[in-house]
There are 2 protein chains.
Amino acid sequence: MLIFADELYNEQEMTEFNNFFKSAFSVDNVIFGFDEGDLKVLLIKRGAEPFKGKWALPGDLVYPNEDLDAAAGRVLEELTGLREVYLEQVKAFGAVNRHPLGRVITVAYYSLIKINKYVVTPASFAQKAKWHSIAEVNDLAFDHNEILNACFDRLKQRVRTRPLGFELLPPKFTLTELQHLYEAILETELDKRNFRKKILSMNLLIDLDETQEGVAHRPAKLFEFDRDRYEKLVKDGFSFELKESKRKLVPTQS
Amino acid sequence: MLIFADELYNEQEMTEFNNFFKSAFSVDNVIFGFDEGDLKVLLIKRGAEPFKGKWALPGDLVYPNEDLDAAAGRVLEELTGLREVYLEQVKAFGAVNRHPLGRVITVAYYSLIKINKYVVTPASFAQKAKWHSIAEVNDLAFDHNEILNACFDRLKQRVRTRPLGFELLPPKFTLTELQHLYEAILETELDKRNFRKKILSMNLLIDLDETQEGVAHRPAKLFEFDRDRYEKLVKDGFSFELKESKRKLVPTQS
DNA sequence: GCGGGAGGTGTATTTATTACACTATTCCGG
DNA sequence: CCGGAATAGTGTAATAAATACACCTCCCGC
């Protein structure tokens, strides 16, 4: 059977196809948070087969009248109560045998949330949700390790070129906290002076003229992300797009 | 009905789900080629409703026992006869109404082929396949404009950081041809001297000590992509990964 | 042999990245 | 109230990368 081109997508083919081929699509959401200097991911312990007892990414089948992005947002909201957070699709995973019970293609998303805003939801599954340090995650259900890695890689890439870090921090933060966040995401150490120079040169931080309280040392200044200015820059066509320095294959245009 | 977490993915739910919700998934493939100084994309004229007579990306439903990537490869091979070409998944498109006849989630891929290797296949649909200059594509069927744009953006991004251009050129090429290719992909002009300096500093080109023939001017030297060296570099952990220069948010590590 | 046409080449300037170490401020305990 | 612990905060010099820019070369065909 060749379904192709002209034949593709006409009604009869589609019905036929559906009749002999049961399938479903789902979304899986890698929910990132940042706490205690560690990048974390929210996992759910499976209470049923397959993979009963294993940790898995939160996910769900996509509803008939639901856009793909909406499904990912719903998973997030049902689990955390949060809406309007940063959410980005990464890619689809569709190996034939990725799901032991049937053919399920899943689309992976990641989201960035302020972990202190996360409230344990009353839903029954919530008690089985738990934050895991990204370094300590191992052996997830299904192909979820692969999905997690893909999402983490995407986050690493994004964070270098767009001011995403702020999505993971409370509204007021210190430069050191911000640096630790970047270090956790990039899995590397950064030079303090260079980091500050770079971040401040973006002009996207508002100096609140406030300082930390309750610390046993010189308190750090607090900053706020200037979302308005960021959005204005983006709207005016200012690009936070990819430029690279070393080993670049093509000269950057001026 | 809440299908979630614990409940998610068990057999009963999946069967139920399938019974009341007919759906399908497909792949669409943006096939890029380069000819006459222009970046081209291979489109198919639809011979049936919906969108009869409109140009569309080649695509197909994913077969039951076929990995997602394999489906994309099959679409490419059926259309062009080519295997083992560069093929990369970009993302999934899953708006509820993206397909007028039902719920179809599609996963977009792009591939890079040497256009002169493309042979018109004997299949019936082949006569309706045609290369279009990317600048002249407009008003495709379904959401295929959006898909094309996403794939083109991804290609632009990739070509800056990985030596992909060679996939689109014949085995032997001149530096000017290579530059024109990059210009077509990046939609910008590049400085000849800087481009050559950069490309040659990669050390991924083999100078064949041959020259063009049959041109009415000084013939250019021919080069070949050093695939072995490239693969060795990748294997040895040399990274062609993203680095950016201007407006970078985080200092690059040494 | 000369005119057309693309091929090929180098340097100086500007900008970005990196490396690097000490002083400042606050809290706390003795 | 003094000293120590702990983190905050700051600048400059060296290196590396990106950019801008113009002329001579070579081959063909007439």
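Every chain is numbered from 1, with letters handed out A, B, ... down the list of sequences.
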Atom-pair distance (CG on A/Asp191; P on D/dG9), nearest Å: 15 Å
Using atom types as modelled, flag every donor-acceptor pair under 3.5 Å from a side chain in residues 132-143 of chain B to any protein atom, sequence neighbours excluded.
{"unit_1": "B/Ser133", "atom_1": "OG", "unit_2": "B/Asp38", "atom_2": "OD2", "d": "2.6"}
{"unit_1": "B/Asp139", "atom_1": "OD1", "unit_2": "B/Lys54", "atom_2": "NZ", "d": "3.1"}
{"unit_1": "B/Asp139", "atom_1": "OD2", "unit_2": "B/Lys54", "atom_2": "NZ", "d": "2.6"}
{"unit_1": "B/Asp143", "atom_1": "OD1", "unit_2": "B/Arg98", "atom_2": "NE", "d": "3.3"}
{"unit_1": "B/Asp143", "atom_1": "OD1", "unit_2": "B/Arg98", "atom_2": "NH2", "d": "3.0"}
{"unit_1": "B/Asp143", "atom_1": "OD2", "unit_2": "B/Arg98", "atom_2": "NE", "d": "2.7"}

Please state how far atom CD in B/Glu189 lies from atom P in D/dA18, giving the value in whole angstrom units. 20 Å
Would you mind reading off the distance between A/Leu175 atom CG and C/dT25 atom C1', rounded to a whole angstrom? 16 Å
Would you call A/Arg227-A/Glu167 a salt bridge at under 4.0 Å N-O? yes
Roughly how many Å is it from CG in B/Asp207 to P in C/dG7, rounded to a whole number? 15 Å
Contact class for B/Thr176 (heavy atom, under 4.0 Å): base, sugar-phosphate, or nothing? sugar-phosphate
Ignoring hydrogens and angles, answer whether the base of D/dA22 and the side-chain atoms of B/Arg193 contain a donor-acceptor pair closer than 3.5 Å. yes
Indicate, yes or no, whether a donor-acceptor pair under 3.5 Å links the base of D/dG9 to the side chain of A/Lys221. no
Can B/Glu88 and B/Tyr109 be said to form a side chain to side chain donor-acceptor pair (under 3.5 Å), step by step? CA-CA 5 Å; B/Glu88 180 182 340; B/Tyr109 287 76; over 6 Å; no
How long is the line joining CZ of A/Arg160 and P of C/dT17, in whole Å? 10 Å
Looking at B/Arg196, I'd like to know whether one of its side-chain N or O atoms comes within less than 4.0 Å of OP1 or OP2 on C/dG8. yes
Between the protein and nucleotides 26-28 of chain C, which nitrogen or oxygen pairs are less than 3.5 angstrom apart?
{"unit_1": "C/dT26", "atom_1": "O2", "unit_2": "A/Arg218", "atom_2": "N", "d": "3.3"}

Establish, yes or no, whether the cationic atom of A/Lys232 lies under 6.0 Å from the six-membered ring centre of A/Tyr230 and within 45° of the ring axis. no
Does any donor atom in the side chain of B/Arg196 or B/Ser201 lie under 3.5 Å from an acceptor atom in the other side chain? no
Side-chain donor-acceptor distances from residues 208-216 of chain B under 3.5 Å, at least two apart:
{"unit_1": "B/Glu210", "atom_1": "OE1", "unit_2": "B/Lys172", "atom_2": "NZ", "d": "3.1"}
{"unit_1": "B/Glu210", "atom_1": "OE2", "unit_2": "B/Lys172", "atom_2": "NZ", "d": "3.1"}
{"unit_1": "B/Gln212", "atom_1": "OE1", "unit_2": "B/Ala220", "atom_2": "N", "d": "3.0"}

Under 3.5 Å donor-acceptor, B/His144 side chain and B/Leu57 backbone: yes
Provide, to the nearest angstrom, the distance between the CD atom belonging to B/Gln212 and the P atom belonging to D/dC28. 11 Å
Please report the distance, rounded to the nearest Å, between CD in B/Glu210 and P in C/dG7. 17 Å
Rounded distance (Å) that lies between atom P of D/dA13 and atom NZ of A/Lys197: 12 Å
